[in-house]
Amino acid sequence: MGNCIFCRIASGEIPSKKVLETEDIVAFHDVSPQAPRHILVIPRRHIEKLADLTGPDAALMGKLLVTATEVARATGMEADGYRLVINNGERAGQSVFHIHIHLLSGRDFQWPPG
Ligand code: 5GP
Ligand code: ZN
């Protein structure tokens, strides 16, 4: 996926402030943070969006979710609380079509979301 910005971040071709790298997952700071702490957790494998997932993706997506909680713990978010968000499709706010979990913390969040 040559021109996907998150594939290029995962490979290191585009610089980012990484907080964790494993064989199949990368976490890095969002360039335009929507909270005092805002980290993106992505699989290295290019999957466009949540709606494209199928059965065999379950293990990877489970790992992605667990990794997000580990990043939250490692960066001291647990005491404060945090929110995970996955936007699916433009109308839901997705702007980068490589699946990612937003990990947000450090302020109050609205419920229901805006
Ligand atoms: P989405 O709107 O698709 O749910 O989230 C995409 C996120 O990626 C946005 O919060 C945006 O700020 C972030 N983003 C877009 N381009 C870059 C980039 O080049 N580097 C980093 N670190 N974050 C990016
Ligand atoms: Zn990609």
Side-chain angles (χ1 to χ4, degrees):
M1 299 299 158
N3 58 1
C4 169
I5 193 153
F6 284 1
C7 282
R8 294 167 75 190
I9 283 174
S11 72
E13 185 189 335
I14 291 178
S16 66
K17 284 173 63 185
K18 293 205 171 77
V19 297
L20 174 142
E21 285 197 81
T22 70
E23 195 184 339
D24 41 20
I25 292 170
V26 181
F28 54 97
H29 289 274
D30 196 294
V31 77
S32 175
Q34 301 304 309
R37 281 164 291 160
H38 186 173
I39 292 169
L40 300 172
V41 187
I42 70 167
R44 289 188 189 274
R45 180 152 69 81
H46 183 87
I47 300 169
E48 274 195 15
K49 59 187 189 299
L50 211 48
D52 293 332
L53 295 175
T54 60
D57 300 318
L60 176 61
M61 291 307 294
K63 239 194 236 186
L64 202 66
L65 191 56
V66 171
T67 300
T69 68
E70 288 170 354
V71 171
R73 189 173 306 126
T75 57
M77 293 182 182
E78 272 184 349
D80 208 18
Y82 55 86
R83 179 173 288 188
L84 302 184
V85 173
I86 303 177
N87 297 320
N88 180 78
E90 267 171 39
R91 210 158 173 228
Q94 187 173 7
S95 61
V96 175
F97 285 79
H98 178 131
I99 201 165
H100 49 280
I101 298 179
H102 294 265
L103 170 58
L104 300 139
S105 185
R107 66 168 170 84
D108 294 326
F109 295 96
Q110 274 179 277
W111 192 261

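Taking CE from Met77 and OG from Ser105, the interatomic distance works out to 5.0 Å, rounded to the nearest 0.5 Å. Taking CG from Leu103 and CG from Leu40, the interatomic distance works out to 9.0 Å, rounded to the nearest 0.5 Å. Between Glu21 atom CD and Thr67 atom OG1 the span is 12.5 Å, to the nearest 0.5 Å. Interatomic distance, NE2 of His46 versus SG of Cys7, reported as 5.5 Å (0.5 Å rounding). Within the model, atoms OG of Ser16 and CZ of Phe6 stand 9.5 Å from one another, a figure rounded to the nearest 0.5 Å.
A continuous path of Ile, Leu, Val, Met, Phe, Trp and Tyr side chains, each step under 4.5 Å between heavy atoms, connects Ile86 with Leu84, placing both in one hydrophobic cluster. Both Val41 and Leu53 are assigned to one and the same hydrophobic cluster, defined by single-linkage of ILVMFWY side chains at heavy-atom distances under 4.5 Å. Ile5 and Phe97 end up in different hydrophobic clusters when Ile, Leu, Val, Met, Phe, Trp and Tyr side chains are linked at under 4.5 Å. Taking hydrophobic clusters as Ile, Leu, Val, Met, Phe, Trp and Tyr residues chained together by side-chain heavy-atom distances below 4.5 Å, Ile99 shares a cluster with Leu65. Ile47 is not connected to Ile9 by any chain of hydrophobic side-chain contacts under 4.5 Å among Ile, Leu, Val, Met, Phe, Trp and Tyr, and they are in different clusters.
Panel note: side chain Glu13, backbone Arg8; no donor-acceptor pair is recorded below 3.5 Å. Here the side chain of Glu78 pairs no donor or acceptor atom with the backbone of Asp80 at under 3.5 angstrom. Remark: the backbone N or O of Leu50 is paired with a side-chain donor or acceptor of Asn88 at under 3.5 angstrom. Under the 3.5 Å distance criterion, the side-chain polar atoms of Arg44 are matched with a main-chain donor or acceptor of Thr22.
For Asn87 against Gly93, the heavy-atom pair with the smallest separation is ND2-O, 3.6 Å. The minimum heavy-atom distance between Pro43 and Leu60, with the atom names listed, is CB-CD2, 3.8 Å. Taking every heavy atom of both residues into account, Glu48 and Gln94 meet most closely at O-NE2, 3.0 Å. For Arg83 against Pro113, the heavy-atom pair with the smallest separation is NH1-CB, 4.2 Å.
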Acceptor/donor pairs from residues 26-36 side chains to any protein atom, 3.5 angstrom cut, sequence neighbours excluded:
| residue | atom | partner | partner atom | Å |
| --- | --- | --- | --- | --- |
| Asp30 | OD1 | Ser32 | N | 2.8 |
| Asp30 | OD2 | His38 | NE2 | 3.4 |
| Gln34 | NE2 | Ser32 | O | 2.9 |

Set out, in order, the CA-CA distance, both residues' side-chain angles and the distance that settles side-chain contact (heavy atoms from CB on, under 4.5 Å) for Ile39 and Thr75, then state yes or no. CA-CA 10 Å; Ile39 292 169; Thr75 57; 4.1 Å; yes
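His98 and His100 have their aromatic ring centers separated by at least 6.0 angstrom.
In this structure, the side-chain hydrogen bond (donor to acceptor under 3.5 Å, both in side chains) partners of Arg45, at least two apart in sequence or on a different chain, are Asp57.
A 6.0 Å sphere centred on NZ of Lys63 holds no more than 12 heavy atoms belonging to other residues, nucleotides or ligands.
Apart from Leu104 itself, the hydrophobic cluster it occupies contains Val85, Phe109, where clustering links Ile, Leu, Val, Met, Phe, Trp and Tyr at side-chain heavy-atom distances under 4.5 Å.
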